[in-house]
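This report refers to the structure that appears directly beneath it.
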Number of protein chains: 2
Amino acid sequence: MTITMKDIAEIVGVSESTVSRAINNKEGVGQETRKEILKVAKKNNFQPNRLAQNLAKQETNVIGLLLPDIASLFYSDVARGVQDYATSQGYQVIVCNTDDDKEQEVNYMNWLQSNKVAGMIFLGGGLVNNQIVKLGLTDYPIVLANRLVEEVPLPSVIIDDTIGALKATEHLLDKGHDRIALLLGPNNSWQAQNRLQGYKRALKNRDIEYDQDLVIHKSWSREGGYQGFLELMELEEPPRAIFAADELMAAGVVEAIKLGGYFIPQDIAVVGFDDTVVTSVIDPPLTTVTRPMYELGERSAKKLLNLINEEEIKEEIEILESELIIREST
Amino acid sequence: MTITMKDIAEIVGVSESTVSRAINNKEGVGQETRKEILKVAKKNNFQPNRLAQNLAKQETNVIGLLLPDIASLFYSDVARGVQDYATSQGYQVIVCNTDDDKEQEVNYMNWLQSNKVAGMIFLGGGLVNNQIVKLGLTDYPIVLANRLVEEVPLPSVIIDDTIGALKATEHLLDKGHDRIALLLGPNNSWQAQNRLQGYKRALKNRDIEYDQDLVIHKSWSREGGYQGFLELMELEEPPRAIFAADELMAAGVVEAIKLGGYFIPQDIAVVGFDDTVVTSVIDPPLTTVTRPMYELGERSAKKLLNLINEEEIKEEIEILESELIIREST
DNA sequence: TTGTATGCGTTATCAT
DNA sequence: ATGATAACGCATACAA
């Protein structure tokens, strides 16, 4: 049913090579012939067979994106960034969900390679495994997005939560607060560590003593935020500023504050983390740290395409900073 | 760098066809030869070139998924369902974001065709345009997911919001409420129409008169829900049960109710719509209508693969029903 | 059991 | 300006 160059050649009465040249806008085809060929092609809705094309050219315009779960709010945003940039440059993206499973990851790596993708982006998922390092080092174009690599450096783009947490804390400091509570998830997580670090650094910059009692680890959830707030209120001198370093926790804190009859920000100021649809259900509009997720995708894609086209890479590791959006909760 | 069958053939000292047979687990290869070939293949990490493979076999194991935006909470869940089912059957998925733009859509359709995908799923995006119908009718495997088609029927899977709304209303009726408010977005939307219809049908089933005053159209947002509640409270006899047919609106309603000093569900019962991360920040846990988004993806993928493999399709149009999850807000 | 030959649809290198 | 031909890597029908 689908028409090929051979067919067109037959119809027009020329050779396949001439058809190929005409279709690909190359030199060396007569005015008339070219017009005729294009006419027939359009009329029959000719679509070149990419499989054959790629096989012959020994290259493709497809890149692979491996991530834990496309259904996650965070990753889907990044994915969109990757896709938009890639397609703007004539590339297509294949998204693979690994669920943080090493085996899945390796499977996909192999599959992508056998499909001769031009390169891959590895998004999230903790540490980089050896296979990736090996692949990336044997000059296969690979970019790491928000993912850590041990020892050997690979081209990567990451978001630094530390800066965001620093900005958030500084903002509250600027508002005149000197006792700022910090709500975090379990302290074994990389995220918690970074955000805590930013918080500490902000305090240190202002010569304010770090008070262990003001830092509370709960679960990354509404309930965690809720309970965290209750704990804070039991302190002798409860804080009047809270940095809830997670959006669900922030929602819980706001909830608890209002239920307690306090006003935001008059009685207690709140800064959250992340700015997704969850934030939109919080009232008052939340001052929050926002991570450039879409941009993370864009930059990663850009870096990968640069790598593929062997253009010069300015910085091996690119660091994006999270921003503070100031709204009405502080 | 990458090894081919030809290379293996040379190393082992057999012909390419023998290598092909061995690699593909086909009959007609001697014990020893096969073992030797596989050994060499494994040692050199041989990956068959899918481009060549697919070109030769004239088929691929890739399907295309066109949707408005992968970064949307709704669509990304569906996409995950498609991917999981597809990969479980040995297929890969290419996701294309169309942003509801007809032109983009057509571009992707062409691109996917020229990549010889085995089939496509069109998710969301309102009415189906003619190009799709044409493509689907000229026996190209196509499945419509939660998308409307005029006149000509195409294999499709849809979620019926009507049923969900009906169940939600019935549930409140069962709880003894006879004056149930309904909060909706702008009434020109397909969603609003369906949910209103389900609501009406539930009332009719119980011979309860439809009261126009109890149905309020606002924006699909927290603010819309909030304002809607305030309007309801101005009625002579405010309702004590509210069906907020959108998750953001539900969040706004709950917010407003609590600020008003009422208790849920003792004073006012609330049923929401959809069950995503947004729901998780609402307290008390919300009774809500949940749409089987993941399943929508799964079923669509399954139908498409059936189509591709020319198995019999039981029902041309498959209707999934939304379910009511009963929690503590009613 | 194994090898030979041909084709898949396109690109690219030669001739002409 | 155009055509013949080989090549891309693999599958497969047909011979041997």
Side-chain angles (χ1 to χ4, degrees), chain A residues 1-41 44-62 90 110-118, chain B residues 1-41 44-62 90 110-118:
Chain A
M1 195 73 281
T2 108
I3 195 173
T4 71
M5 286 192 175
K6 191 174 176 184
D7 300 325
I8 297 182
E10 227 162 79
I11 296 176
V12 179
V14 293
S15 76
E16 288 183 57
S17 7
T18 302
V19 174
S20 174
R21 280 189 283 256
I23 301 264
N24 292 305
N25 257 317
K26 299 212 170 170
E27 306 265 301
V29 186
Q31 282 287 319
E32 285 310 303
T33 333
R34 161 164 284 145
K35 205 191 285 180
E36 178 69 8
I37 291 174
L38 293 180
K39 205 183 75 187
V40 174
N44 296 77
N45 189 32
F46 169 75
Q47 306 279 0
N49 182 325
R50 304 280 171 187
L51 298 174
Q53 205 171 49
N54 294 335
L55 181 60
K57 300 218 290 197
Q58 291 289 76
E59 66 175 42
T60 68
N61 47 193
V62 177
N110 288 333
W111 188 84
L112 289 171
Q113 281 188 84
S114 72
N115 274 276
K116 305 300 166 194
V117 296
Chain B
M1 193 75 281
T2 108
I3 195 174
T4 70
M5 287 193 176
K6 191 174 177 182
D7 299 325
I8 298 181
E10 229 162 78
I11 297 175
V12 180
V14 292
S15 76
E16 286 183 58
S17 34
T18 302
V19 174
S20 173
R21 281 188 284 257
I23 301 260
N24 292 305
N25 257 318
K26 299 218 169 169
E27 306 266 299
V29 186
Q31 282 286 319
E32 286 308 304
T33 333
R34 160 163 285 142
K35 206 191 284 181
E36 180 67 9
I37 291 174
L38 293 182
K39 206 183 74 187
V40 175
N44 296 78
N45 189 30
F46 168 75
Q47 305 279 2
N49 181 324
R50 302 281 172 188
L51 298 174
Q53 205 171 52
N54 293 335
L55 182 60
K57 299 218 291 198
Q58 291 286 80
E59 67 174 41
T60 67
N61 47 192
V62 176
N110 288 335
W111 189 84
L112 289 172
Q113 276 185 271
S114 72
N115 273 278
K116 304 301 164 193
V117 296

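Reminder, nothing fancy here: chain letters follow the sequence lines and each chain counts from 1.
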To the nearest angstrom, the CG-P distance between B:Asn49 and C:dC8 comes to 18 Å
Out of C:dT10, D:dT12, D:dC10, minimum distance to the side chain of B:Ser17 belongs to D:dT12
With the side chain defined as heavy atoms from C-beta on, A:Asn24 is closest, among C:dT10, C:dT2, C:dT11, to C:dT11
Judged by nearest nucleotide, the residue sitting upstream toward the 5' end of DNA chain C, B:Val14 or B:Ala56, is B:Val14
Walking DNA chain C from its 5' end, the first of A:Pro48 and B:Gly28 to be reached, judged by nearest nucleotide, is B:Gly28
Whole-Å distance, B:Glu16 CD to D:dG9 P, equals 10 Å
Picking from D:dC8, C:dT13, C:dT2, the nucleotide nearest the side-chain atoms of B:Arg21 would be C:dT2
Regarding the side chain of B:Ser15, the nearest nucleotide among C:dG3, D:dT2, D:dC10 is C:dG3
Check: When you check the phosphate oxygens OP1 and OP2 of C:dT10, does a side-chain N or O of A:Asn54 lie under 4.0 Å from one of them?
Finding: no
- Check if the side chain of A:Arg50 and the base of C:dG9 share a donor-acceptor pair of N or O atoms closer than 3.5 Å. no
- Distance-only polar pair, side chains of A:Ser15 and A:Thr18, donor-acceptor under 3.5 Å: yes
Picking from C:dT10, D:dC10, D:dC8, the nucleotide nearest the side-chain atoms of A:Met5 would be C:dT10
A:Leu51 atom CG is separated from C:dG7 atom C1', nearest whole Å, by 15 Å
Ranking C:dT10, D:dT2, D:dC10 by distance to the side chain of B:Gln53, first place goes to D:dC10
